[in-house]
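Starting from 1, each residue takes its place in the sequence as its number.
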Amino acid sequence: MSALEAMRAGDWYSCLDPALEKLRAAAREAVHAHNLAPPEARMGADSPLASLFAGWGGGAHIEAQFHCSYGCHTTLGAGVYLNAGCVILDSAAVTIGDGTLIGPRAQLICADHHRDPKKRPLGIERAAPVTIGRRVWIGAAALIMPGVTVGDGAIVAAGAVATCDVPPGATVAGVPARVL
């Protein structure tokens, strides 16, 4: 099994694999172009990221500065808005539903590094998908951790760290995030 196949299957893999580095290099090029593009060129299908991403819904908009690790595993729904400084580490599928708003410096993280300190320097990690429902609001500097699903209409407060699924319509806050 290749590192890419293992990554997509949620198995342990080395992120130092040359094929994965090639994918990350393509993402860096697109992210760089996006971050240097004028504001009108970062909207919709004109964004340099639109062809990199797995899906780009109508009216989706990502402010600069933005970073993603692969891009090819990320799907944006219609009308999604990502504010400045957002990070998506999409070593697994990241799905963001229609009408979702994500605040500045929020991070969606799929990568989970190995617990064995001898394996971490070898780039051994695994990835779990992040799924964000429709009409979700993720506040500034919130973290959504690997494997977390945020249900439709939920709110993740600014600075919260979501380590578990967030029920639809719930508001969570804190570290770790808890339902209010």
Asks: Please determine, by modelled atom types, if E63 and Y81 share a side-chain donor-acceptor pair under 3.5 angstrom.
Replies: yes
Asks: How long is the gap from CE on M7 to OG on S14, to the nearest 0.5 Å?
Replies: 11.5 Å
Asks: Any sub-3.5 Å donor-acceptor pair from R126's side-chain atoms to Y13's backbone N or O?
Replies: no
Asks: Heavy-atom distance under 4.5 Å between the side chains of D116 and I124, does that happen here?
Replies: no
Asks: Any luck finding a side-chain donor-acceptor pair between H67 and Q65 under 3.5 Å?
Replies: no
Asks: Would you call V94 and Y70 a side-chain contact if the rule is heavy atoms closer than 4.5 Å?
Replies: no
Asks: Identify all side-chain donor-acceptor contacts of residues 157-177 below 3.5 Å with residues at least two apart in sequence or on another chain.
Replies:
| unit_1 | atom_1 | unit_2 | atom_2 | d |
| --- | --- | --- | --- | --- |
| D165 | OD1 | T149 | N | 2.9 |

Asks: I'd like to check F53 versus S47 (side-chain heavy atoms, cut-off strictly below 4.5 Å). Are they in contact?
Replies: no
Asks: Evaluate the side-chain proximity of T100 to V150: yes if any heavy-atom separation is below 4.5 Å, no if none is.
Replies: no
Asks: Taking the side chain as every heavy atom from C-beta outward, state whether I88 and F66 have any pair of such atoms under 4.5 Å apart.
Replies: yes
Asks: Can you list the steps and then say if C15 with R24 is a side chain to side chain contact (heavy atoms under 4.5 Å, CB included)?
Replies: CA-CA 10 Å; C15 66; R24 287 191 303 272; 4.3 Å; yes
Asks: Against L108, only a single residue in V87, I138, D90, L89 fulfils side chain to side chain contact (heavy atoms under 4.5 Å, CB included); can you say which?
Replies: I138
Asks: So do L49 and T74 actually touch side chain to side chain, heavy atoms under 4.5 Å?
Replies: no
